[in-house]
Amino acid sequence: MLRLRQICLVARELKSAVADLKAVFGIATCHRDPTVEKFGLVNALLPVGNNFLEVVAPFRKNPAAERYLDRRKGCLLYTSDA
């Protein structure tokens, strides 16, 4: 049986994405992992039951997450224009 422990979303801007998730689902950040900085990212983990929703956002130019967003022409699950 497959068990999902964590889902990761990529956003252009972390603060807005986390604020929207908090407003919609009533969940708040439980942890930030400073080790993702080596990949040019900032993150936030939000608890969903016994699982986690992670949001990452680039803070430096050209990390893989930013290139992914550029290829996809923006965020699929979250856009700051919405």
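- Between the side chain of Arg60 and the backbone N or O of Glu37, at least one donor-acceptor pair lies under 3.5 Å.
- Annotation for Leu45: hydrophobic cluster partners, listed by chain and number, are Phe52 (ILVMFWY side-chain heavy atoms under 4.5 Å, direct or chained).
- Rounding to the nearest 0.5 angstrom, the gap separating the CG atom in Leu21 from the CG atom in Leu9 is 6.5 Å.
- For the pair Glu54 and Val56, the minimum side-chain heavy-atom distance is below 4.5 Å.
- Under the side-chain hydrogen bond (donor to acceptor under 3.5 Å, both in side chains) criterion, the residue pairs touching residues 25-36 are Asp33-Thr35, with sequence neighbours excluded.
- Under the 3.5 Å distance criterion, the side-chain polar atoms of Glu13 are matched with a main-chain donor or acceptor of Ser16.
- Between Val18 and Leu46, the closest side-chain pair of non-hydrogen atoms falls below 4.5 Å.
- The CG atom of Leu53 sits 8.0 Å away from atom CZ of Phe25, with the distance rounded to the nearest 0.5 Å.
- Considering every non-hydrogen atom in both Ala17 and Val55, the closest pair reads CB-CG1, 3.9 Å.
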### Task
Given side chain to side chain contact (heavy atoms under 4.5 Å, CB included), test Leu4 with Asn51 step by step and report yes or no.
CA-CA 8 Å; Leu4 216 48; Asn51 303 304; 5.7 Å; no
